[in-house]
Amino acid sequence: NQPVTRTELRGRVFEADNSTFHAGARVFIGQGTLALARHDFAAALRHGTHALALDPENATYYGVVGDAQIELGMYDEAINSYQEMVDRRPDFDSFSRVAYARELYGDAYVMRILTMTCIFAIFAASWDLLAGYTGQVNFGHALFFGAGAYTSALLSLKLGITPWATIWAGAAVAMPETTVPIRRRR
């Protein structure tokens, strides 16, 4: 009686059926995510690569591999992994990863476009939640968004104040609008 190695056991499990096959990929990606949290980026890359070998169509797996590659300094490979993630599932997770990678590259134009895309995605999601699901019409989101943005931009442009300070000024200007009483319909 020879003991079964982990590799042999893994091979037997994955041969069983396709659902077990994808479950094995989820196990690998769970280990990869845990390795990222522990800052063991080489292990995260290894686990993510194993998960991709089992299920190359899952966008999340490309995200874990790309995160490990970024932390290991493999920037070109990370950009390719993030592009694969965007190609499979263009959503907030994939675009925020691309924005972070572009920030590291120093590509200010692309980073600004991606950052604004994420900001407007959050704005649209809040509008969808309020108007789409509850049926309430409220222009408060636009008011707060605009008042804060204009205050921040004008202080930065006209007075030369650093944006880190003008963000707080914009929030302070937008905050009183929340206390303006609005007559309720009956």
Side-chain angles (χ1 to χ4, degrees), residues 10 14 18-133 141-142 144-146 148-153 156 162-168 170-171 174:
R10 190 180 303 149
F14 293 154
N18 197 25
S19 66
T20 307
F21 184 74
H22 291 293
R26 286 192 297 271
V27 168
F28 277 125
I29 212 59
Q31 291 172 336
T33 304
L34 185 60
L36 282 174
R38 292 180 176 164
H39 292 218
D40 186 1
F41 304 117
L45 180 59
R46 189 174 59 252
H47 292 307
T49 305
H50 287 307
L52 280 175
L54 296 173
D55 186 7
E57 295 303 315
N58 193 311
T60 304
Y61 302 168
Y62 285 100
V64 170
V65 168
D67 292 346
Q69 290 167 333
I70 281 281
E71 297 300 333
L72 292 171
M74 303 164 62
Y75 299 117
D76 291 332
E77 293 87 347
I79 291 292
N80 291 335
S81 295
Y82 292 152
Q83 185 60 52
E84 291 290 334
M85 185 179 185
V86 169
D87 291 345
R88 282 163 178 70
R89 190 185 68 216
D91 63 355
F92 185 76
D93 289 341
S94 58
F95 287 128
S96 63
R97 283 182 164 106
V98 171
Y100 176 66
R102 290 297 179 181
E103 179 183 4
L104 293 177
Y105 260 105
D107 191 350
Y109 174 74
V110 173
M111 187 181 77
R112 176 167 165 66
I113 296 298
L114 291 170
T115 301
M116 293 305 292
T117 301
C118 290
I119 287 172
F120 282 114
I122 293 169
F123 182 66
S126 67
W127 180 260
D128 180 49
L129 178 68
L130 186 67
Y133 290 104
H141 292 84
F144 305 142
F145 192 81
Y150 274 108
T151 301
S152 179
S156 182
T162 178
W164 294 110
T166 62
I167 289 171
W168 295 106

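Residues passing the side chain to side chain donor-acceptor pair (under 3.5 Å) test with Thr166, sequence neighbours excluded: Ser152. Ala43 meets the side-chain contact (heavy atoms from CB on, under 4.5 Å) test with Ala35, Asp40, Arg46, His47; sequence neighbours excluded. Residues satisfying the side-chain contact (heavy atoms from CB on, under 4.5 Å) criterion with Tyr150, sequence neighbours excluded, are absent altogether. Shown here are the side-chain contact (heavy atoms from CB on, under 4.5 Å) partners of Leu45, two or more places apart in sequence or in another chain: Thr49, Val65, Ala68, Gln69, Leu72, Met74.
Atoms CG and CD1, from Leu36 and Ile70 in turn, are 11.5 Å apart once rounded to the nearest 0.5 Å. For the atom pair Thr33 OG1 and Arg38 CZ, the distance stands at 11.5 Å (nearest 0.5 Å). Considering CG of Leu52 and CG of Asn58, their distance stands at 8.0 Å, rounded to 0.5 Å.
Nearest heavy atoms, Tyr61 versus Ala51: CD1-O, 3.8 Å. Of all heavy-atom pairs spanning Ala25 and Asp55, the tightest one is CB-CB, 4.1 Å.
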Output a table of donor-acceptor pairs, distance under 3.5 Å, between side-chain atoms of residues 85-92 and any protein atom two or more places apart or on a different chain; print 'none' if there are none.
unit_1 : atom_1 : unit_2 : atom_2 : d
Asp87  : OD1    : Gln83  : NE2    : 2.8
Arg88  : NE     : Pro56  : O      : 3.1
Arg88  : NH1    : Glu84  : O      : 3.4
Arg88  : NH1    : Glu84  : OE1    : 2.4
Arg88  : NH2    : Glu84  : OE1    : 3.4
Arg89  : NE     : Asp91  : OD2    : 2.7
Arg89  : NH1    : Thr60  : OG1    : 3.1
Asp91  : OD1    : Asp93  : N      : 3.4
Asp91  : OD1    : Ser94  : N      : 3.2
Asp91  : OD1    : Ser94  : OG     : 3.2

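Screening residues 66-83 for salt bridge (charged side-chain N to carboxylate O under 4.0 Å, His left out) gives Asp67-Arg97 as the qualifying pairs, with residues at least two apart or on separate chains.
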